[in-house]
Amino acid sequence: MLKLQTLAKQQPKLFTALLVITCILVLYSTSLFNFSNEFNKDLISSVIKNGISLTLLWLLIKNNWLNGSLLTTPYKEWHAKWLLASIPMALVALLNVVTIDWSILEFTSVKVVGWLYTNISTGIFEELMLRGVCFYVLYLAWKDNKNGLMQAALWQAIIFGLAHYVNLTKAPFLEVSVQVTYATLIGIGFAGLVAYTRSLWPAIVIHSLINSFGSINNFFQPNFVPTEMSMANYAVVVTIIALICALPGYLLLKKTNTHLATQQLTTS
């Protein structure tokens, strides 16, 4: 464990990259098995995500990173404007329901439970991995740098974006590259939200909502086949994500960075 702490402190980029790669390899081990349908595959994948999340929680506890990860911040210590700061990211979830034709969806109790379980598991897993562990480890290593918080936010966002290239197994390169781009932008937004609110939980809730609304067709539309988007539509999506995620995230990071700098001057 001491070697792990040393690697995280001396080579934070390498540590976080290896951590994400390892988690993805474990998660995508489900591709080795044959499932009768996509629903069962999603459920098993969610079980594995929960197992990884517990392992990440253990890692935080063993390395005394739990408080710094902002996972256990008491509600009374959250920023007073946490709800207001969450609104821009929540708009992404609302955008996901614009194109849904509710009249053709088929809801069953089993599908609803599976839908909730899958998306909540994903929200916890990705936020705990990227913002809980990676963001904190990077900030811990670079906090004495002038723009340490910004650097940590950008690097974890890049890792978050690049991790989406695993989707090349089920989608064309252009489509996945767009996913990588807007995932990176969303990663900046989530980093700003976590840093500003001083808690990981608003990001977990919003992330789960985004995933839930974005997967409604997949879970509830019979024989759903995704339609390919044009380059113009891709450009619109990326622009919107930049405006409602990355820009607010950057502004929240800037405010937080100023606050941290003021605290350092006060205590020095």
Side-chain angles (χ1 to χ4, degrees), residues 16 20 24 81-100 118-120 122-132 134-135 138 149-168 170-197 200-219 226-257:
T16 51
V20 173
I24 289 175
K81 296 181 179 179
W82 70 267
L83 187 58
L84 183 63
S86 302
I87 291 175
M89 298 296 295
L91 292 176
V92 180
L94 295 178
L95 287 174
N96 282 333
V97 302
V98 172
T99 58
I100 295 176
T118 297
N119 290 294
I120 292 172
T122 300
I124 293 173
F125 161 66
E126 293 190 355
E127 287 307 313
L128 192 58
M129 177 175 62
L130 271 302
R131 263 63 70 176
C134 292
F135 187 26
L138 291 163
L149 183 68
M150 292 290 189
Q151 292 173 1
L154 181 59
W155 182 248
Q156 64 80 34
I158 291 172
I159 296 174
F160 180 54
L162 292 177
H164 285 72
Y165 270 121
V166 298
N167 291 330
L168 285 172
K170 53 186 178 182
F173 179 79
L174 178 60
E175 182 178 336
V176 174
S177 294
V178 173
Q179 291 177 3
V180 168
T181 302
Y182 67 65
T184 302
L185 296 172
I186 288 176
I188 294 173
F190 276 129
L193 182 61
V194 169
Y196 182 78
T197 61
L200 198 62
W201 286 102
I204 289 175
V205 172
I206 298 297
H207 200 144
S208 299
L209 285 175
I210 292 173
N211 290 341
S212 297
F213 288 0
S215 64
I216 287 176
N217 282 330
N218 301 64
F219 274 84
T227 56
E228 291 188 13
M229 294 173 61
S230 66
M231 284 298 296
N233 287 336
Y234 281 140
V236 170
V237 169
V238 171
T239 301
I240 291 174
I241 296 297
L243 290 175
I244 67 176
C245 292
L247 180 58
Y250 168 77
L251 295 175
L252 292 176
L253 286 165
K254 194 173 181 180
K255 285 185 177 181
T256 305
N257 201 40

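All figures in this text were calculated on a predicted structure; none of them were measured in a lab. As a basis for the values below, the full set of heavy atoms in this structure was taken, side chains included, without hydrogen atoms, waters or symmetry mates. Residues take their numbers from the sequence shown, with the count starting at 1.
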Minimum heavy-atom separation for [X] to [Y], with atom names?
| X | Y | value |
| --- | --- | --- |
| Gln156 | Ala191 | NE2-CB, 3.2 Å |
| Trp155 | Thr16 | NE1-OG1, 3.2 Å |
| Ala203 | Val194 | CB-CG2, 3.6 Å |
| Ser208 | Asn119 | OG-O, 3.7 Å |
| Ala153 | Phe135 | N-CE1, 3.4 Å |

Rounded at 0.5 Å granularity, tell me how far [atom1] in [X] sits from [atom2] in [Y].
| X | Y | atom1 | atom2 | value |
| --- | --- | --- | --- | --- |
| Thr118 | Asn218 | OG1 | CG | 10.5 Å |
| Leu149 | Leu252 | CG | CG | 10.5 Å |
| Asn257 | Tyr250 | CG | OH | 9.5 Å |

Asn167: side chain to side chain contact (heavy atoms under 4.5 Å, CB included) partners, not counting sequence neighbours:
Tyr28, His164, Lys170, Val176, Gln179
Test item: Val237 and Ile241 side chains (from C-beta on) under 4.5 Å apart, heavy atoms:
yes
Note, Tyr234 side chain near Thr181 side chain (heavy atom, < 4.5 Å)
no
Would you please test Met129 and Val20 for side-chain contact (heavy atoms from CB on, under 4.5 Å) and show each step?
CA-CA 7 Å; Met129 177 175 62; Val20 173; 4.2 Å; yes
Listed by chain and number, what are the salt bridge (charged side-chain N to carboxylate O under 4.0 Å, His left out) partners of Glu127, not counting sequence neighbours?
Arg131
Give every donor-acceptor pair under 3.5 Å between a side-chain atom in residues 81-96 and any protein atom, sequence neighbours left out.
| unit_1 | atom_1 | unit_2 | atom_2 | d |
| --- | --- | --- | --- | --- |
| Trp82 | NE1 | Tyr75 | OH | 3.3 |
| Ser86 | OG | Trp82 | O | 2.7 |
| Asn96 | ND2 | Ile210 | O | 3.1 |

With sequence neighbours left out, write down each residue that passes side-chain hydrogen bond (donor to acceptor under 3.5 Å, both in side chains) with [X], or none if nothing qualifies.
| X | value |
| --- | --- |
| Thr122 | Lys49 |
| Thr184 | none |
| Ser177 | Tyr165 |

Phe190: which of Ile206, Leu130, Leu200, Ile204 passes side-chain contact (heavy atoms from CB on, under 4.5 Å)
Ile206
Consider side-chain contact (heavy atoms from CB on, under 4.5 Å). Of Ile240, Val238, Thr239, which one does Val236 pass it with?
Ile240
